[in-house]
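Okay, structure first, notes after.
Lettering follows sequence order; numbering is per chain, from 1.
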2 protein chains.
Amino acid sequence: MNSKLGLLEPLESLSMTDRVENILREYFTENAFKPGDALPNELEIAQKLNVSRNVVREALSRLRMLGMIEARPRRGMIMSQPDLLAGIEKVLNPFILSQSNQKDIFELRLILEMGIAEFLFARKTQKDLDELELIVEKQKTLPVLSKEDEIEFHGKLYDMTGNETFQRFQSLLFPVFEHVFASMTNQKDNYVLVDPVSHADLFRILRDGTPEAFRKAMHKHLEVYYNTIKK
Amino acid sequence: MNSKLGLLEPLESLSMTDRVENILREYFTENAFKPGDALPNELEIAQKLNVSRNVVREALSRLRMLGMIEARPRRGMIMSQPDLLAGIEKVLNPFILSQSNQKDIFELRLILEMGIAEFLFARKTQKDLDELELIVEKQKTLPVLSKEDEIEFHGKLYDMTGNETFQRFQSLLFPVFEHVFASMTNQKDNYVLVDPVSHADLFRILRDGTPEAFRKAMHKHLEVYYNTIKK
DNA sequence: TCTTTACATTTGTCCTACAAATATAATAGT
DNA sequence: ACTATTATATTTGTAGGACAAATGTAAAGA
């Protein structure tokens with residue numbers, strides 16, 4: 001009778017707060033709430049749902065954190081434009097993320113670096129190229145590139161994509177990326193690796209070449225990371 | 001005296017809940033809390049921080065939503081492995097996201113499709129290829145591909161990357177992607193477009209070709225979307 | 001009609017209370 | 001001394017009351 005009981009998932013016992021959170025989000029969606037729209041007040045919601053104001057406030061607190069709603073003291077709440085990355089930002093902590101998630105993020109960064117090529121070529125401007133060249137020239141004089149130098153160059157690339165979310169997303173992913181790579185290369189190999197493709201090479205291709213050539217070069221540039229990918 | 005007053009940013013007046021949320025996350029980080037570690041109880045936190053238990057609970061409610069902590073009724077709270085995409089999942093609603101964020105997401109999906117090539121070739125198995133071929137063969141018999149057919153093929157690709165987060169991420173992005181594209185192509189051009197590169201073509205290249213060739217083909221396959229990219 | 005005053009509204013915060021179930025300590029029984 | 005039972009303490013989830021503060025609105029007065 002109890003055979004295979006281990007396969008049974010524990011049926012999720014949602015707290016009142018969880019349920020109210022879900023109900024509210026559905027309510028917003030189904031009634032096509034748009035940014036600026038006024039929300040019912042807390043007491044009204046509590047009474048309609050037959051829960052305490054505490055529970056409602058705990059649920060609203062979550063939505064407020066996501067930027068989905070805005071509470072203006074003494075003037076009621078309104079719908080708002082959520083912050084796309086607010087939720088993920090608070091969670092990107094290498095010490096509490098699962099190994100699996102950390103690996104996923106490591107790979108996500110590699111994918112982004114390869115994927116942005118089309119956008120770079122579609123949107124590059126002379127001003128952008130000049131600024132990137134400045135960075136490259138400065139780095140040429142350095143004996144070795146620091147973490148900050150890497151961020152400066154690649155950050156500028158994300159900048160040039162004209163996509164604000166990429167830019168911010170990448171800066172959020174980078175610390176985790178670094179952490180994963182550091183833990184993979186067991187600290188012992190602290191040698192400075194010579195890039196087979198330098199930032200200067202990437203710059204030249206971005207200026208004169210094609211997306212195809214850029215992706216090829218970027219792949220070479222990131223070779224040391226791609227080499228860690230296991231089947 | 002008041003000239004240029006408009007340039008002054010309103011100094012962020014954080015609520016107690018906001019501040020407690022920040023303090024708690026810092027506390028976890030600085031004390032290297034790891035999944036499974038026991039947390040102080042609510043009353044203790046409230047007394048230490050000199051705020052009411054309500055405020056603490058509202059802050060904890062947010063962290064619970066992110067999966068960062070777990071509360072076991074009557075047994076205290078423990079640190080937990082956060083759900084990487086829990087936050088973003090609740091916010092991916094085309095009707096409340098800003099136009100700018102929607103555009104960013106549209107582009108993000110294109111970037112992912114191009115970027116996964118390396119991973120597909122590094123991790124493809126015969127079993128995966130067989131399953132993908134099955135999908136392709138089935139779709140060959142169809143006069144026209146539905147949205148579900150698209151999801152089935154591309155979803156299988158994400159599957160093959162061996163990256164759970166990609167898989168889930170992509171399925172979250174897709175509805176927004178569709179919504180953006182639909183609103184760009186003013187409904188009027190409902191004609192069925194003939195892919196310059198079909199799913200069958202992509203499959204053959206994935207089986208016999210190179211990442212480079214695959215990216216090239218994928219770019220062609222997504223041409224209609226890439227054509228929408230503006231400077 | 002305009003100004004001033006009073007009132008109602010609503011979020012943020014604090015407080016108290018208690019159910020329920022678990023872990024721990026205390027008691028009783030052998 | 002050891003086990004079994006009972007009582008106690010703990011802690012989250014939920015309910016409900018209270019009030020400050022500032023805003024918008026209605027009422028009163030000039």
Side-chain angles (χ1 to χ4, degrees), chain A residues 10-25 27-28 31 33 35-83 86, chain B residues 10-25 27-28 31 33 35-83 86:
Chain A
L11 75 93
E12 44 181 341
S13 66
L14 294 180
S15 69
M16 284 299 182
T17 300
D18 291 330
R19 290 165 63 188
V20 170
E21 184 215 317
N22 291 335
I23 288 172
L24 284 177
R25 279 189 294 105
Y27 169 70
F28 296 151
N31 294 79
F33 271 81
D37 290 353
L39 267 54
N41 68 50
E42 297 175 349
L43 211 57
E44 237 176 300
I45 296 173
Q47 283 163 353
K48 284 274 185 192
L49 300 181
N50 201 32
V51 294
S52 74
R53 198 178 144 219
N54 276 351
V55 167
V56 173
R57 276 189 62 84
E58 285 183 22
L60 289 173
S61 175
R62 298 175 176 185
L63 305 185
R64 225 174 301 134
M65 179 186 63
L66 298 176
M68 193 181 289
I69 66 175
E70 206 174 308
R72 302 161 309 169
R74 298 162 285 287
R75 289 189 297 153
M77 296 176 288
I78 57 171
M79 214 61 192
S80 179
Q81 312 247 194
D83 180 344
Chain B
L11 74 91
E12 45 179 345
S13 66
L14 294 178
S15 70
M16 284 298 185
T17 301
D18 291 330
R19 290 165 63 188
V20 171
E21 184 215 317
N22 291 336
I23 288 171
L24 284 176
R25 279 190 292 106
Y27 170 71
F28 295 152
N31 293 81
F33 271 81
D37 290 352
L39 267 51
N41 70 50
E42 297 175 350
L43 212 56
E44 236 175 301
I45 296 173
Q47 284 163 352
K48 284 273 184 192
L49 300 181
N50 200 32
V51 293
S52 73
R53 199 180 143 218
N54 276 6
V55 167
V56 172
R57 277 189 63 83
E58 286 184 20
L60 290 172
S61 175
R62 299 175 175 185
L63 304 185
R64 227 175 299 133
M65 178 186 64
L66 299 176
M68 193 180 289
I69 65 176
E70 207 173 308
R72 302 161 308 169
R74 298 162 286 284
R75 286 190 298 153
M77 297 175 287
I78 56 169
M79 215 61 194
S80 179
Q81 311 247 188
D83 181 342

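Summarising the geometry, the separation between CD on A/Glu42 and P on D/dG16 is reported as 15 Å, rounded to the nearest angstrom. In this structure, CG of A/Leu43 is placed 16 Å from P of D/dC19, rounded to the nearest angstrom. When the C1' atom of C/dT11 is taken as reference, atom CD of A/Glu44 falls 14 Å away, rounded to whole Å. Between A/Ile78 atom CD1 and C/dT10 atom P the separation is 15 Å, expressed in whole Å. Between B/Leu39 atom CG and D/dT10 atom P there is a gap of 19 Å when expressed in whole angstrom units. Rounded to an integer number of Å, the gap from CZ of A/Arg19 to C1' of D/dG13 is 13 Å. The nearest whole Å value for the distance from the CG atom in A/Leu60 to the P atom in C/dT11 is 9 Å. Distance B/Ile45 CD1 to D/dT10 P: 17 Å, rounded to the nearest Å.
For A/Asn54 and D/dG16, a side-chain-to-base donor-acceptor distance below 3.5 Å is present, hydrogens and geometry of angles not being considered. Within 3.5 Å, a donor on the side chain of A/Arg53 pairs with an acceptor on the base of C/dG12, or the reverse.
The side chain of A/Met16 approaches D/dT14 more closely than any other nucleotide in the set D/dT12, D/dT14, C/dT22. Comparing atom distances between the A/Asn41 side chain and each of C/dT10, D/dT14, D/dG13 picks out C/dT10 as nearest. In this structure, of D/dA22, C/dT22, D/dG24, it is D/dG24 that holds the atom nearest to the side chain of A/Arg75. Closest to the side chain of B/Met77, out of D/dT12, D/dA15, C/dG12, is D/dT12.
The CG atom of A/Leu60 sits 4.5 Å away from atom CD1 of A/Ile69, with the distance rounded to the nearest 0.5 Å. A distance of 4.5 Å separates CD1 in A/Ile45 from CE in A/Met77, rounded to the nearest 0.5 Å. One distance of note links OG of A/Ser80 with CG of A/Leu66; it measures 11.0 Å at 0.5 Å rounding.
For B/Arg57, a side-chain nitrogen or oxygen approaches OP1 or OP2 of D/dG13 to under 4.0 Å. Put simply, B/Arg64 has a side-chain N or O that comes within less than 4.0 Å of OP1 or OP2 on D/dG13. Look at A/Ser52 and you won't find any side-chain N or O under 4.0 angstrom from OP1 or OP2 of D/dT14.
A side-chain donor from one of B/Asn22 and B/Arg25 sits under 3.5 Å from a side-chain acceptor of the other. Side chains of B/Asn54 and B/Arg57: no donor on one and acceptor on the other come within 3.5 Å.
DNA chain D is contacted by both A/Val51 and A/Pro73; A/Val51 maps to the nucleotide lying nearer its 5′ end (nearest heavy atom per residue). For the pair A/Asn50 and B/Arg74, both in contact range of DNA chain D, the more 5′-proximal nearest nucleotide belongs to B/Arg74.
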